[in-house]
Amino acid sequence: MTHGTTPGSLMTGMTGMGSSQGAGNSLVVRAFHQALTTQAALIFGAAILLMVAWNGLRSLQYRRAKASGLPWPPPARPLGAEPLARRVLRIGFGILWIFDGLLQLQQNMPLDLPGEALQPSAATSPGWVQHLVGFGVTAWSHHPAAAAASAVWIQLGIGLFLLVAPRGRWLRLAGLASMGWALVVWVFGESLGGLLGPGLTVLFGAPGAAIIYSIGGGLIALPDRAWIGQRLGRTITASCGVFLVGMAVLQAWPGRGFWQGGTTAHPGTLAGMASDMASTPQPHALSSLVSSFASFDESHGWGVNLVVVVVLGASGLILIWGRRRLLLPTIVALGVFGIADWVFIEDWGFWGGVGTDPNSMLPLLLVTAVGYLAMVRAPAAADISISPATPEVGRPTGLGWWERIDSGYAGRLAISLGAVFIVLVGAAPMASASIDSKADTVLTEAVNGPPAITSGPAPSFGLVNQHGQPVTLASLRGSTVALTFLDPVCTSDCPTIAQEFRVSDQMLGSAARRVKFVAIVANPVYHSIGVVDAFDRQEGLDTEPNWLFLTGSASELRSVLNAYGISAIVTPGGGMVDHSDTAFVIDSQGSIRRELGADPGSGSADSSSFSSLLTSEIVQVMRS
Amino acid sequence: MTSRCLWTAIAAGLVAGMVSGWSPMAAAASSTPTIPLPSGVSTPSESSVSLPMGHLSDPDNTFWEIFLRSAGNTSWTLRTPVGVADNGGLVVADPVNGPVTVGFLPSQLLRFSPLAQTSDEGKTWSPGDLPSALVAAPDALAGGPSDLTAALVTGSGQTVLSSREDLSGWRQLVTTRSLAKTVKGCGVQRITALASDGNYPILGVQCSRTGRIGVLVPQAGATAAPTGPGPTWTNKGPLLPDAASGVATVLRLEATASASDSAAGSLTGLARMEVGRSSSLVAFWSGGASSSWTQSTRLTIPSGWAVGATATGGGSTGRGISVLLDSGVHRRIVSVAGPGARWVTLVPPAGTGAIAAVGTEVDAFVVNKSHLTVWASGSRTAGWSRVQSTTVPVPYGSSG
């Protein structure tokens, strides 16, 4: 329970206390923007360095050319044209990645992505999938600003890399980067595209946009020679056909609710999905379109599904068949169908504040079209010259690599290096976040405000501990005291705060010997030693040597609570005692040095943000 | 390649259909029927009822309330003890003689059960605590005329604890596991109810052996001493008329008069028998733990119906049993007034969530969020009359 500041409290005037979630969000958003700004500065610095290096290279080339009597500028390497299909693929996915990276800039991403996008997508999947996703959710939730900023740069970097990478090993590396990151997103962000959950349908994004990005990246990573002839294109179109026929069978499967329209109260599967999408925050005109489709499907569910099954099935069969004359009209028809699905059912995929991509239909259409292009516009072997290191005809041998490369190649290489740097700028904090089990302190500050630095004697008290032995504040002199107020029969916050104290104790390591973690009962009704002991055993605190849970008579407790400005109000029958969630750090001389809001919010106790903050404040007080 | 791809596609679709069409709900099976917690108890001196109020679809905003009504009074008074969140439910021990004890079932992060006791009809409560969590059953607590209190808690299957002090100094009396090994003729599966004859707890259990209701009593002369080994337990429960009656679970067990009373330790109980998917109810009475039993006729629970709430007491003898049956759409109250009486069926007011039997009257409690309406059906009147309407200060949002 968060109770804010009470009149007369020591915490009066503490900024952020009792702040709304919106204000809390603003702290995290600020941290997100700070992370972005810092990383942008790094990238800007790297860009300057690359520009200097490129200029230096060009100067060296110029001097060498003049000294050797070689032509300036050096002639471009006689590369053949890039296979059209591959060029469409890399430009298409490059633009998609950049668009996705820009979507990651939305300010709701740091706090809302796990709860509103990651967890719901995993909710209907098997336990092991939820466990996998839980790993990503925990990493993101504990480090929201760093994770959100990382996702921005990784995706912008990959997009840029795909757009500018010179052909050869650099472009293959870009494809592999795209494939790898998309797999990470597919597993941890899309719950394997919901493949193992109920209600799977291509109309709503199966098998997940990220797996199609990953396939696209894999195709880009293929060497140029793989694009020679029609074989690759044929494989791509046939594979798409297999997928579409499978999805048609799934769509036609009885008992899954796609054949029924339903009513507003009990809509069929598709109408229900569309209605849910229509409620996503977005421009009214767009939600009206989706609502209209949902209404239409409610009354014509059988017919709509029949059209879907026929289009998917027929398109799939033609793609598998591979009859060239039928491919183009099929792909055009599939494109119209896909765009309609994207607008009327997938609802563009990226509205609502935590949309991460335009869903699966666009990349699926892109890959299918690329398969077609790879068949009908397949280059011959002679059309492709693939080695950037091939010496040009007429150029003297024995030149260094930096002398052989032309300006176009050098420019693309420099920008590619920049793109790789951008990816690394994002990937490094993301990797760090995924292995750091301690949550960022900004999370607890978002709920409670930053700790207040104070100075003044702590009100004295004389109570008994969980063993019935008397304890006074004076008897704790010489130790730094982390003090809080807990209800031993509380069902929500107090057990969490107690665990946070225990985690803080562990974080302190050997320094914990000089610290006492003290709680005072904040329940005027239930304050017996028996109930305190039961709480300690419940929380595993009964064996902690430096843990004290103090109690006394109702009047003694009331006096101490008043002195520390803690409210404890008995609510009507059935309700928990309403008390302040507050912690104090008292130095070894008995002065209060820090006041912290201790509302745990929705954080995790074992590795919470509050534990990190409390530990940090205790260490500062011990050092001062 | 074409035909291979086609078959692959169809196979993939079939597999995906089977995977996607499978629902965990379909595989879910309930092996242990729950015992409904809303309950009423009536003694010659007072009646009590516990029931959930608030937003019943939201566990954090469902709050249990206790209403008491003293003999001679016509209205119920809200007497829910304060200081603990009771979203998990409340268990009430309301013995014939002795204080009323209330146990809070744990919810959210709380894993033990605070207690509260009153001797002045809920005007003031004294706190107590159990070191473990109470089992969610209406008779998981038992009190008596002496200061003996027994509690059925989780751990080792279930464990019975007893206290002869003011709800402290709890000691372990017996566990389900030890009973399963030592009690003959039952095959104890779980303990489901406690009663107290003033000297020692009496256990209502679920037996795996068919044809017998499990009511375990300690050997003669046993007392709940604070130390020493526990007693030997014997199944003295009533035999069912035929062995095909199925597995019996004791839903309610009340000592309707104390051992020191002239009625010599009367017990009133309710058991549910299950054979396959069919269930039936039987009420049973004893004039004393070792004396003969009287049983009601067996009442078959229609398919699709379940027990929603129970009440003991009432009737002309004060030993009645009432049950609220719920089909999800319709509800019925079935009552039997005492030994030798027949089951009577009533159609309760819409929305009835709990019942209590006071004298010859059955009270039906209808909850609409914070509002409670009490309807009474007397034996001499046809239909229901609204006798009370009240709004309860439900502490919404205090447990979130």
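Chain letters run A, B, ... following the sequence lines, proteins first, then strands; residues in each count from 1. Bear in mind that the values here come from a model prediction, so they are computed numbers and not experimental data.
Residues passing the salt bridge (charged side-chain N to carboxylate O under 4.0 Å, His left out) test with A:D533 are A:R537, sequence neighbours excluded. With sequence neighbours excluded, the residues that form a salt bridge (charged side-chain N to carboxylate O under 4.0 Å, His left out) with B:D139 are B:R252. Qualifying ring pair (Phe, Tyr, Trp, His ring centres under 6.0 Å) partners for A:Y526, counting only residues two or more places apart in sequence or in other chains: none.
Of all the heavy atoms in B:G83 and A:V570, the pair that sits closest is N-CG1, 4.3 Å. A pairwise comparison of heavy atoms in A:Q538 and B:R111 identifies OE1-N, 2.7 Å as the closest pair. Taking each heavy atom of B:P395 and A:G574 in turn, the nearest pair found is CG-C, 4.0 Å. Among all heavy-atom pairs drawn from A:M576 and B:S398, the shortest one is CE-O, 3.1 Å. Smallest separation of non-hydrogen atoms from B:V82 and A:V525: O-CG1, 4.0 Å. The nearest pair of heavy atoms linking A:V489 to B:P114 is CG1-CG, 3.4 Å.
Heavy atoms of other residues, nucleotides or ligands lying less than 6.0 angstrom from CZ of A:R231 number 12 at most. B:D166 CG: 12 or fewer foreign heavy atoms inside a 6.0 Å radius. Few gaps surround NE2 on B:H371; more than 12 heavy atoms of other groups in view lie less than 6.0 Å from it.
Looking at B:S168, there are no atoms closer than 4.5 Å to chain A (heavy atoms on both sides), in backbone or side chain. Contacts of B:P393 with chain A are made by both backbone and side-chain atoms, with heavy-atom separations under 4.5 Å. Contacts of A:V531 with chain B are made by both backbone and side-chain atoms, with heavy-atom separations under 4.5 Å. In this structure, chain B has no heavy atom under 4.5 Å from any part of A:P524. In this structure, the portion of B:F104 lying under 4.5 Å from any heavy atom of chain A is its side chain and not its backbone.
If you tally non-hydrogen atom pairs under 4.5 Å between each of B:D86, B:V84, B:V392, B:T80 and chain A, the highest count goes to B:V84. Of all the listed residues (B:L78, B:I66, B:L110, B:N87), the one sharing the greatest number of non-hydrogen pairs under 4.5 Å with chain A is B:L110. No other option in B:F112, B:W64, B:Y396 has as many heavy-atom pairs under 4.5 Å with chain A as B:F112.
B:L167 CG to A:S528 OG: the interatomic distance, rounded to the nearest 0.5 Å, is 10.5 Å. The OG1 atom of A:T496 lies 5.0 Å from the CG atom of B:L109; values are rounded to the nearest 0.5 Å.
Contacts of residues 124-131 of chain B with chain A at a heavy-atom distance below 4.5 Å involve B:P127, B:G128, B:D129, B:P131, listed in sequence order.
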